[in-house]
Every structure is written in structure tokens, then in C-alpha cells.
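In what follows, a structure is listed as C-alpha cells, so that the remarks can point back to it.
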Amino acid sequence: MKNNPLLKKLNLRYLVSLLISIVLAFIIGAGILALSGFSPLKAYGAMLSGAFDSARHVGDFLEYAMVLCICGLACVLGARVGIFNVGGEGQLLLGAIFACQVGIWLDGFSPWIVIPAAALAAMIVGGFYAFIPGVLKVKVKVNEVITTIMLNTIAAYLCQYLAKGPWKNANKNMVAATEQLNAQYWFGNVIPRSSLSTAIFAAAIIAFIVWYVMQKTSRGFEMRLTGQNPRFARFSGIRTDRLVILCMVISGAMCGLVGMFRVYGAEHLYRDSVSRDYYFEALMVAMIAQYKPVTVIFLSLFFAVLKIGAQGMELIGVPSQIYLIIQTVIIFFMAAESGISASLQASAQKRKAKLAAKARQKGDVQHG
Amino acid sequence: MDDFLNILGSVFSAGTFNEMLRRATPVALAAIGGSLTEHAGIMNIGMDGMILMGAFFGVLGSALMSSAWGGIGMVLVLGVLVGLFFALFVVKFRSDEFIIGCALNTFALGLTTYLSRAIFGTSGAKGYPSLPTVDIPFLDSIPFLGEVLNHHSLFVYLTWLLVFVLWVFIYKTPYGFWLRASGEKPDTLRTAGIDPDKMKWIASVLCGILCGLAGAHLSLGYLNGTFAENMSNSRGYIAFACVIFGAANPSKAYLAALMFGFFDAIGLRLQDYVSSDLTGIIPYAITIIMMVYVVIRGQQKKKHAAKRLPDPAGKT
Amino acid sequence: MQELAVQFKHISMEFPGVLANDDVSLDIRRGEVFALVGENGAGKTTLMNILYGINEPTDGEVYIGGKKVEHFSPKNAISLGVGMVHQHFMLVPSFTVAQNIVMSKEPRKLGFLFDNKAAEQKTRELVDNYGLVVDSSAVVQEISVGLQQRVEILKTLYRGADILILDEPTAVLTPQETDELFAVIRRVVKEHGMTVIIITHKLYEVMAISDRVGVMRKGRLIGVADTCDMDEKKLASMMVGRPVLYDRLEKTGVPGEERIKVEDLHVLDNRGLPAVDGLSLSVRAGEVLGIAAIEGNGQSELLEAITGMRPIENGEISICGQSIRGKDPGEIRQLGLAHIPEDRLATGVSRDASVTDNLIVGRHREKAFNRFGFHQRTSTIERYAQQVYDNFDIRGAGLEVNVGSMSGGNMQKVVVAREFSFDTPVLIIAQPTRGVDVGAIEFIHSRIIEKRNAGCAILLCSADLDEVFRLSDRIITMYEGHITGHFKASEISKEEIGYYMTGDRSGEEAVYEK
């Protein structure tokens, strides 16, 4: 729909403010590092090598980028129609544990049966878990942010219960974990010893489909309008209620699927390291990307490098959470970007107006 | 049958209600702070982060100055700063409250975990000076009530006072009227020569302080001078639900927090019979049910009120 | 020479991209009623906002009571005795009348407690003093608009105003309430020596109430005169810059079959009160049925019910012979209906979407615009949008810009262009030219009549009586959800319509119907 799609997509103002935000965030991060007695240069150096020093780490950050990207796109999908799925964490965990359990129940069947069944189970569970807040939002008008956050905690407890109780690993040393999947169901490893599995190809296809539907189809067009002005969308004949719930369910299904990828690709059983608030980090990425799908993909890579790199910082004693600080500081700057430039402009204009008035006054005096 | 009676007995024991007060207090403190921002028209979902920072800096202050009061002092300063920070974005820069709230929560998680590990090491902060409990001598002689009400940390009692003070502030002082006007119709204030943004700043700062105190109660009054990573554990969101439930009235929000505390405490009591992972679900499930109930009740109330209205076009 | 209450000296006010006031110099005398007239966007409200300190002028000076205004803030203006009643009331809906009136100067107990008793006492004193009767303990959201306006006036009086600005005070009032308001104005001027500045664009009101009148056009003050030297015609031509001479619209054809049918319709408003109360009407192909009503008498809810945006409590609506029961807005459109909504920003456009997007909505699922039924054909869509854009003479920065950045008139043209391009047999049109400049009005009107002549059944609703008269074949008047009169447009005068719009004339209904 644009004359020059490339130029339009490369929103210059956005890129510049993103770059400035990132630089400022790293400077602030350096300040915090220095204050807590670490050398910022050494720490950032460790971060860089932590991500790139071995093929294994590259594989790890690619895998994490996949998680961020699909979860981030799931968030974008909701945001596009004006509903914030903050509950991806719960959907992911439930998807993971159910997908895992399906693999254990169906042990012995061909992978051609087990893997699709597990994927389906993950999507159904995740989708259903998103359906609840979706319906509550559309039909009862209950704020979805609170309900999804509550559902996250509930899901975490529930998974904990299942992993400790009914579905517990027979091994006494494993406190909260399910049985391990039979190795024939594991996704193939793409980079040896890293967590990167063939799931990344499935993820790439999903990312492409989501991008395509949102940007190129009439459905995506309807989603955009619904998010921009739901009343207008309804007025124009779009079934907004249905569309919002549908997007929420798909968003949940995607998160559930990520959970399945984590289990079948990396962990090979369910335990709480399947996700440690990964969805929240994806949510941050989606926010920084201003809910634009392509930007989400690129930023996922960037933040995955930071995250895996930050684990490298642990080696020299720096807590890796500095990464969360840097990430959120970027969000603060990006969210305030329009506000900051507006207040700068306003004060500049005031100054200009005052100068102009003074000049005119002088002119009047000279005339008189 | 006996089992059932046993369960019932332990659920409705004085211990449960004592526990209820203890567990309700951090949520209640945050909720009455949230009432202020809610009245000022700010959707504050950043309370969870504010609580978490309060919890950490409370312990940090306590550790640095070897006194729980030092911790409280630090929390007060921090609360002001966090409130100012929040208002800077939400009020001054008019950023999206949802994004800022979310980011603040994650920021707090990152900052407190980072500092906790950098300062206290991976084992965390434990056993620093905590707030003494208040012992009211004559209360012990009253059988049930004494057990429920006595020997709490100062914050439990302070919360009662604050609920009353804030209720008076919001509904009985001119400043409270301005605060409510700043959320409901800011232009009324502007045309009256009062800056509505100023009221929003004040509300944010007060909310920052109260959430900070809620966190301090968690780490200094509730656990003994201990900070655990992510110890706010979604309490900020529950507090937000309490604010909505109580229609931003501090006393009603306090009751909602008590309800949360009650279910939280019951979960603890039932641990012997049901897995604690399942009972842990209760307060969060209750919160969702509460939210749905509030909305449905609100819609019914509106319909009801409309029927009471005398005449639609309003010729009087 | 009389003492001056206010002096504006060479006031200019520039907003980004707009010169709202252009070198305005104006004197207001103490104790007079000064009317400021002009079209929408002429800069009247901006000038008054400067006087009230909301806006600081980019250039020029303001003197109040002979003193130069140094700091522009409402606080300062209030202390200099200026009070303003805004078009949109500045009242807190959940507060009582007294609480609203004393805001910012509350009576206190113990220095920090709000003294509600004293507030109500002071309100009652004001009420007695000025004869503006209102219940001091009533909650504002539960009283009528007319009473809310009184509260606004009392509020300015409580703050000690002696210069009262009224911004379009009669827009939401019934004629009776308008009469009462004018009586109040005369009283405060005569008995309390106040100065009143009234902004309006209703010329008969200028003649009825003011001593002097100033006319603004496009940010400039065109002229000031004693009201007694003026008449409505002179004022009108000053306002628009040329004598208003609309071309006669050629209406042809005879009405055909029934297309819109409403029977015994009951609809509730947002508060859950009956808004449409047992209304029936019918519109045939090739005719325009106009609804004349003062805002808030159920006409908005009626149109929303017909288009499916509001649930029907009771009754029956059919479009082209098919009932709309249980259908959503999209399905109702399928029956052959298009709709220009009354509030284009809230309902008519997506501000953050491009012009192209706003023009294609509704047709975006059509085969011609989709490959394989789902892949959008961007070039075909663009060609279509360009065609509509040119066809409806939309003037803006092209198809790519967001609709939100366009002027009101062009935005409205986008809405009209889209809805008219559906070529439906039924059109529901609300406020087609609100906030639109004169040239665009002419254009939109001629398009509406074109549709009528082509055999469309059109239901029109407008707050502008002239528009209703110009376009309609038949006119109904609505009051409190009922039809109070039913007329042929050629056989009734505006004055008579006004009578039926303003009250339940049961028993007298259908007098004019032939």
C-alpha cells in the first residue's frame, strides 16, 4: 500500500530514538556496574564473549531469540486488536507440561503421532488458558491485564503441583519435574551441545505466517482497524468481539507451542527452567518494538544476545540481572520518547514566541 | 467427619485470623496507596515493583544502619523517589501507564535481584534487624480477640491508622476533592486555577511511599529482616484488584485486602490436608472472581441508578 | 465614554499550523452584554480562552479593568474578576452542586477539613441573592443540563466574577431554558452591574439579548456594532463573508417502495433510561425523511438502533423488507444500508489509519480486492481509493497520510465518500456537515440529493434546521423519544417546526400532515 515500502518501514525517527535509548541504557548500566564495584568495560566485554565465544552460546542465544520472538509475536497479535495478553507465561508453562505429559502417555508410538499430538495439546491448553481472559474482557469487560497476571500465578502453582505430585519423576532426586521424554521424540540438535533444536525452523514458519496474516491479508487489516478504533471497526461491519477472542486464543496457542518447543527441543522434561519469566521479557521486547512484527524479530535477536551474554558475566561475578535493568531502561526511554520531545519542543516554541514578541515590541517602540 | 471438623477448626482458629491480619497488611498498604493514584486517574499496575523495591531497600537500610528504623527511613526516601519517577513518565511525559507499570515491575525485579546478589551474595539477605512486634498487655486477657489482634508488627496497626487518615484525606478535605477532580475531570481544576497534574504527582509520591512501606513490612515486619528474590510475588497486582474492588475507597480496599489475607491464611492452614501448591492458588483465583463480581455489580448498579433518576430530559 | 471592562490590544494567537486569532483589538464596556458571533473555527472561543487565561497569546496585550494582564492563568483571571462558563461544562459529575461551586475556595473546619455545611449554606445564599434556583445538595450528574449551567454560573459568581463569559450557552438548552437563561443575564447585568460576554452563532439570540455585537471570521474581528443598528441578515453576511445564497437543489422523481420501516421501537440510552419510546416511521425509495430535534431527544439512539450499534428493547425495524433482529452492524449493512455517523472521530474513521484504509473498509473483503480471497491486492485497492478520493474532491496530502491529520471537512468527505461508494439502497445520515466549511457543505448536500434522485431511501438527522429543511421531503420532529409532528417540508416554516421540537404537542400532532 506504500509507494516506497522500504523507506516507510525504516521509520527513521524510531530507529534514532531506539539507538539513543540503547546507548543511554548501557551508560546507565555502566554506572550501576561501577557503583557496585565492577568494571563496566570488563563486564560488557564478558557479556559480548558470553554470547559469541562458542558455537554453543550462539546456539543458546538463537534458541532464546526464538522464544522471545514467538512470545513477542503472540503479544503483538493481542495488542493489534487491543487486548494485552500478559498471561503468556502461564500459557507457556501449561503448554509445556501438557505437551510433555502427552509424550509420556503416548510413549512407544511413532514420533509422527506423538509430536503432532503434543503440539496440538500444547496449543489447545494454551489457547484455552487465553480464552478465559479473552471472553471475560469481551463479554464482561474485566481488565485482562489483572486476570492474565493472576492466571500466570495460578498456572505456575498448578504446574508445580503436577510436577511434584501426580506427574512426578520417579527419580527421588528430582524435586519438581516430570518424567523424561523418550529420546526418539527429541527434536534434533542444530548446534551440538546448545539448546538450539530444529524447533527453530517451525518457529521461523510460524513467525512468517503471523507476519503475513497481520501485514498482508484482509484479516490482518481488520485486526489493525479493531485495535485502532473498535467502535469504528464494529460500525464498518467487522465482528470485533469474535476477532479479539480469536486473536487471544491464537496468541495463547502460540505461547503453549513455545512451551512444547522448550520441552521437546531443550529440556526433554518439564521443570521450572522451562521458562523463567521468559514471556515477560518477550512482552518487553514487543513493547520496545511498538508492537511491530518485523521489529520484534530483530529485537528478539538483540535481547537474546544480551541475555545469554549476561550469563557470561556471571563468570566474573556480575549478577546477570543487569540485563533486565538495561532492558527496562530502554523501555522507559522509548515510552517517554514522544513525551520528552514534546516537552522539549514546547519549551523551544515558548522561547521563540517570547523572542518574537520582544522583537515586535522593540519594533513598536521604534515606530512610536 | 472428624477430619472435616478438624479442618474446620484449624481454618477458623484465632491463628488463622492472626495470620490473616499479617498477610493482608502489605496488600492493604499498597492498596490504599493505589486508591490515591486511582482517584487521580492513573491506572497503576506498577505497584508490584514499588513493593519489591521497598522490600529490598528496607533490608538494605536495616543492614547498613543496623537498625530496622534505618531501613524504614531508607524506604521512605526510596518511596518518594519511585513515586516521582513514576509520575515523571506517566504525568509529565504522558507515557502509556500500562507500559511504564510493566517496565517498572521488571525493572524492580532486575534491580533488586542484581543488588541483592552484588551486595549480599547468592545466598541473599537474611537475619538483619527487623521491626519489633507490638505487645499490648491488656489485650492478652481477652480470649479470642487477644490472640488475633496482639503481637503484630507495628505496620498492622499503622495500616489501620493510615486507612482512616487517607479516608479523611480523600473524602473530607479540600485536597481530597481536588485529587478526585483531577482524575474524574481535570479541566474543572484547571479552570479553577489549580493544576491537576500537581495532584497526580502528589498521589504518585504518596503511593510510592505506601507501596514502599508495604514492601518493608514484607521484609522487615513479616519475615525477619530477610529479602528473597521476587518476594512481592504479584501482591502489587492483587492490591490493584483490591483498589478496583473497593472502588478506590481506602476502607473498602482494606476490607478486600483482608479477604485476600483470609484466603491466603486458610491456604496455609490447609497445607496439612492439601498440597500447598493447590492452596496457593486460592487468593489468585479469588482475585479473578472478585474482579468479575465487581464489574457485574457495577453494571447492575448503573442500571439501578438509572431507574431511580426522575426524568431523562431533565426539565425541572 | 463608559468605563472599559476588558481591552484586547492586537491579540494574535498561533497554534501549530493555525492562526486562530489574527491581530484582534476589542473593547468591552462595563455593564454591557456583548455578543461575539462567528462560524465554527472563527476564533471566538480562543479569544475568550485568552481572557480567561487558559491560553497565552502569542502576541498582544489584554487589560482587565484597566490593568494589564501579566500572567495568563485562570487563577489570575479569576482574581481579576473574570468568570467563564465553558461550552462543555467544567463540573465534576460525582460531586454535589455545592461541592462544585466552592471548588478551589472551599470553606474549611479546623483549617484542613472540608466544611460541607458551610458550602451548602453559601450556595443557598448565592441562590437567594441571584435567584438562580438549584438544590445545593443534589449530585451534579443527576441534574439536567439546564441546571448544570446554572451551577456553572453560580460557580463564577461564588468566585467573585464581575465579567461573565458564556461560551455557546444555548447549544444544549430547550427554548424555555434559553428564555430563563436570558432572564438571568438581564438580571445580573441590571441588578449587579455585571459585564456579560456571550459567544454564539445563533443570530436571533444576538438580537434578543445583546447591547453590542462583534463579528469574527477566520481569526479576525470583522466588525463591532450596536445591536440595534444591525439585523440578522446583515450579521449573517458579515459572518460568512458573502451573502448566503445556496443554489436550489433539484429534486426529481417520485417516492417508490418502502425501504426503512420502524415499528413501535423502544431503545435505552447509555444510562439505561428509555431514549426512544414507541416510535414508528417509514422511509420510501427516492425520498429524504429529516428528523428535527434538539440534541438528546433520542434521535442518536434511534439511528444507532437502526444501524445495529445499539440493542433494541422492543419493536421491529426492517431494511428493504428484511428484519434486522439479531443482526450485527455488518449483517445489517448486507441488507443494503450505509451510514454516516454523527460523531466521525469516534465512529466514522480510524484516525491512525491511512486515507486508503479508511476508504476501503467495508469493501476490503470483496473478491476484486483480494487474491485467493485473503491476500490484499494493494495496487487495486490503491487505484480504487484514488478514484474515490478524486470523485469526492477530498483535499489532503494524498492517500498515505493518516486521516487524523486531516481537517474536519476533509475527514467528513472521507466518511461520505466511503459510505456513498457502497451504492446502497438505504442511507442513514447524521450530522453530515457538522464542523465542515461552507464549500464542502454545498458539495455534500448536492451529493445527498443526487443519491435521493437516484432512488435512495434516506433518513437524515441534523442539528442544523436549515440543513434539514433544505434536504428533506418530509420532516418529523422528535421530543423525548416520541414523534411530535410529521410534516411535508414545503408546507411548514422553521418557526413552526421549532414549536414541535420543544415539547410534547400531543393532540396537536399531524395537524400539518396532508
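In what follows, chains carry the letters A, B, and so on, assigned in the order in which the sequence lines appear, proteins first and then strands, with residues in each chain numbered from 1.
Nearest approach of Gln228(A) to Ala353(C), heavy atoms of both residues: OE1-CB, 3.4 Å. Gly373(C) and Ser218(A) get closest at one heavy-atom pair: O-OG, 4.3 Å.
There is no contact between Thr307(C) and chain A, counting heavy-atom distances below 4.5 Å. Neither the backbone nor the side chain of Arg351(C) comes within less than 4.5 Å of any heavy atom in chain A. Proximity to chain A involves both the backbone and the side chain of Asp352(C), based on heavy atoms less than 4.5 angstrom apart. Only the backbone of Leu345(C) comes within contact range of chain A, with at least one heavy atom under 4.5 Å from a heavy atom of that chain.
Within the model, atoms OG of Ser236(A) and CD1 of Ile360(C) stand 11.5 Å from one another, a figure rounded to the nearest 0.5 Å.
Counting heavy-atom pairs under 4.5 Å between each of Arg377(C), Glu56(C), Gln334(C), Arg418(C) and chain A puts Arg418(C) at the top. Ranking Ala385(C), Pro341(C), Gly362(C) against chain A, the residue ahead of the rest is Pro341(C), based on heavy-atom pairs under 4.5 Å.
Atom CZ of Phe131(A) is surrounded by 12 or fewer heavy atoms from other residues, nucleotides or ligands within 6.0 Å. Remark: Lys75(C) NZ is loosely packed, at most 12 non-hydrogen atoms of other residues, nucleotides or ligands lying under 6.0 Å away. Crowding of Arg220(C) atom CZ: a count of heavy atoms from other residues, nucleotides or ligands under 6.0 Å not exceeding 12. By the neighbour-count criterion of 12 heavy atoms within 6.0 Å, atom CZ of Phe302(A) is densely surrounded, having more than that number from other residues, nucleotides or ligands.
Side-chain contact between Leu225(A) and His364(C) is absent, with no heavy-atom pair separated by less than 4.5 Å. Residues Arg219(A) and Arg365(C) meet the side-chain proximity criterion, which asks for heavy atoms closer than 4.5 Å. Residues Val361(C) and Phe221(A) are in side-chain contact: their nearest non-hydrogen atoms beyond the backbone lie under 4.5 Å apart. In this structure, Gln376(C) and Gln215(A) have side chains that are not in contact, with every pair of non-hydrogen atoms separated by 4.5 Å or more.
Among residues two or more places apart in sequence or in another chain, the ring-ring contact (aromatic ring centres under 6.0 Å, His included) test is passed with Tyr212(A) by His375(C).
Note on Glu304(C) versus Arg234(A): no salt bridge recorded, every NZ/NE/NH1/NH2 to OD/OE distance being 4.0 Å or above.
Judged by a 6.0 Å distance limit and a 45° cone about the ring axis, Arg333(C) is positioned over the six-membered ring of Phe235(A).
Using a distance-only test at 3.5 Å, with no hydrogens or angles considered, no donor-acceptor pair links the side chain of Asn229(A) to the main chain of Thr347(C).
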Could you give the side-chain donor-acceptor pairs of residues 287-299 of chain A under 3.5 Å, partners two or more places apart or in another chain?
none

